[in-house]
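See below for the structure under consideration.
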Amino acid sequence: MHGYRTHTCGELRGEQAGQEVRLSGWVFRKRDHGSLLFIDLRDHYGLTQVVVQPDRSFFEHAQSIRLESVITVTGRLAARSPETVNPDMPTGTVELVAESLEVDSMADPLPFHLSDEDAPEDLRLRYRFLDLRRQELHDRIVLRSDVIHHIRQTMREQGFKEYQTPILTSSSPEGARDYLVPSRVHPGKFYALPQSPQQFKQLLMLSGFDRYFQIAACFRDEDARADRSPGEHYQLDVEMSFVEQDDIFKVVETVLHGVFSKFATWKVDAAPFRRIPYREAMLKYGSDKPDLRIPIEMVDVTDIFRNSGFNAFRAAIEQKAVVRAIPVKAIADRPRSFFDKLVEYAQSIGAKGLAYLVWEGGVVKGPIAKFLKPAELEALRTTCGMGEGDVVFFMCDKEGAVNRITGDLRLKLGRDLDRVEPGIYRFCWIVDFPMYEFDEENKQVMFSHNPFSMPQGGLKALSEQDPLTILAYQYDVVCNGIELGSGAIRNHRPDIMMKAFAIAGYEPDAVERNFPALLNAFRYGAPPHAGIAPGIDRMVMMLCDQSNIREVIAFPMNQRAQDLMMNAPNEVSIKQLRELHIRLNLPPTKEAPKTPPAEPSGKG
RNA sequence: GGGGGCGUAGCUCAAUUGGUUAGAGUCCCAGAUUGUCGAUCUGGUUGUUGCGGGUUCGAGUCCCGUCGCUCCCGCCA
């Protein structure tokens, strides 16, 4: 007989009754009847009830075993009598009658209950190895593994091969903050962890590999959010040669539709996913990652208000403000407090105000109705599709502010009115992103996305158009209001790239210096290529219907980018620092600002 | 860097308007208990109310500061 187990804790059924079996696992629950002891034994696969009879020599020892200790039990598998069957357990028709019992590892009392959902998160993170024993989290990590496996399989089936790329590479000036790794051999020089394998995957295309994918670790030193883990995250990194945008879309639609259909119970939008130009998304949804489950679409009504009697809007429009309508069906019967609170909320997120009109009882009511002529009201009614009982809210401000605030209000209305379509994943592509945007802070034109994207119209557009009107072959895939991934048709022409960077204020030698490999490679025969990188963590998060990304990562860092279990980051020895030619220059600590800075030591 | 929320026993929570010695469940410890499956019953231990200061006759409660966690903004080509 095997030393630890003949079966797992999840597989025994009535058919094996009478057999001699051995199980190993954790003591999940104990029910001590004094002259009879039940132990629910748990492993990765399930739960099996062990019975210890009072005449066994190890009975008292078994009574004293603490929860979560690891034991090995040998005995005869017995069918339970009908009245003692537990229909809630897959193994509920049998139990293991212990003939011998070995404690492999006695557990200390736990810092929190494994059954308890509400343990404080810092405690869960510090004892993540315990937290991971909890069924829900355990299942999510298993699901993550299954999702990744399925993705690899689907990509292989579509003709892709997985290639690895370096983790220690060089820092590049664009994008997020880099994680840096000092070089011992080259004093004063640093490696950077890749923010993504962007340049490597493009180089693989230049090397002729044609169809690349990788479940790639990406490292960005940026602050966390609920859906953004600090430190590292994983992407399904994809790159293809000799393709057009639609080829990328088709591959991604196959993967995403496949994964979401296989692993989720919700319905999934059929491919091809809806395509929405960036400008249209910003107007209709106030966002470049619209939640299409909410049946509210904004409408531009600037022209109707341009010459109206509502002076507040008219004056603002003269100062280049726009007016957007948020039409909402069937809420005229809401109490006054509903509207007051919404106005208050709008102001709290930066709105100057929130006007609205109510179509009720055959007339138009609301704070601004008296300023508008019948023809203007009629125009608003038809433009916004208003009927009896409907309400339209108006927001007037500069376009950026209007988009941000109406986009926020749309999400809030959808949630508060319970109008988010349940049980479905609504996918879309956002396409035609602008190539550049104007950076108000530095008063200059900058890339709005990936600088390696191909501008629509190529060199001609770069030479002749106002940069802010140039679109890029740049696209995002979005699901239920969450950006799952971003990609682009790459710019494989050095001449176009130099021009594109020049517009964003980069001298040619600066471009050469920052991207030497890629630019150089482009001069030796570069295939047109394109790619994308959907986020794995976010995918799994959505499949589990979790709002926090830490819930789908086995060993996540906390919001301040600390691993509380491993105590990372931590101090290193002076010897290590000396080898790296590094001397610390620490800021004064906050607790004791008056004490002089400690000797730059870093012991540990 | 900025804003919001939270912080009471190992864990989950309670504590009237600022008013007695801060309670309950769970865990843990001891005992009882032969069919439970969140077993049950009896008894017991467990507190710098995050920390520091202030107001007050009196602070878990009010005020100020600070620390920690978290959500958001900035940031995330």
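Naming convention: chains lettered A, B, ... in sequence-line order (proteins, then strands); numbering from 1 in each chain. Hydrogens, waters and symmetry mates play no part in the numbers below; they use all other heavy atoms, side chains included. All values reported here derive from a predicted model rather than from experimental measurement.
Of the side-chain N and O atoms in A/Q559, one or more sit less than 4.0 angstrom from OP1 or OP2 of B/C71. Residue A/S35 has a polar side-chain atom (N or O) positioned under 4.0 Å from OP1 or OP2 of B/U34.
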Between the protein and nucleotides 24-27 of chain B, list every N/O to N/O distance that falls short of 3.5 Å.
residue: B/U26; atom: O2'; partner: A/H113; partner atom: NE2; Å: 3.2

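Residue A/P111 is classed as a sugar-phosphate contact, given heavy-atom separations below 4.0 Å to backbone atoms only. Residue contacts shown for A/Q49 include a base, since a base heavy atom lies under 4.0 Å away. Contact annotation for A/Q195: no contact, since no heavy-atom pair falls under 4.0 Å across all strands. Residue contacts shown for A/N558 are limited to sugar-phosphate atoms, with no base heavy atom under 4.0 Å away. Within the 4.0 angstrom heavy-atom criterion, only backbone atoms of the sugar-phosphate kind lie near A/R560; the bases stay farther away. Across all strands shown, A/S81 has no heavy atoms under 4.0 Å from either base or sugar-phosphate atoms. Among the heavy atoms of the strands, none lies under 4.0 Å from A/D88.
B/A39 has its base stacked against the ring of A/H33, the centroids being under 5.5 angstrom apart at an interplanar angle below 30°. A distance cut-off of 5.5 Å between ring centres, combined with a plane angle under 30°, places A/F38 in a stacking arrangement with the base of B/U36.
If you check the side chains of A/S196 and A/Q235, you find no donor sitting under 3.5 Å from an acceptor. Between the side chains of A/D43 and A/T8, no donor N or O sits under 3.5 Å from an acceptor N or O. For A/N403 and A/R324, the side-chain atoms include at least one donor-acceptor pair closer than 3.5 Å.
When each of A/D223 and A/L564 is assigned the nucleotide of RNA chain B with its nearest heavy atom, A/L564 is the one assigned upstream, toward the 5' end.
Comment: A/E551 engages A/R124 in a salt bridge, judged by a side-chain N to carboxylate O separation of less than 4.0 angstrom.
Using the six-membered ring where Trp is involved, A/F522 and A/H529 have ring planes that are tilted, between 30° and 60° apart. Relative ring orientation between A/F249 and A/Y475 is described as perpendicular, the plane-to-plane angle rising above 60° on a 0-90° scale split at 30° and 60°.
Using N1 to N3 plus N6-O4 or O6-N4 for Watson-Crick, or N1-O2 and O6-N3 for G-U wobble, each under 3.5 Å, B/C37 pairs with nothing.
Geometrically, A/K30 does not engage A/F38 in a cation-pi contact defined by less than 6.0 Å to the ring centre and at most 45° from the axis.
Side-chain atoms of A/R124 and base atoms of B/C11 include no donor and acceptor less than 3.5 Å apart.
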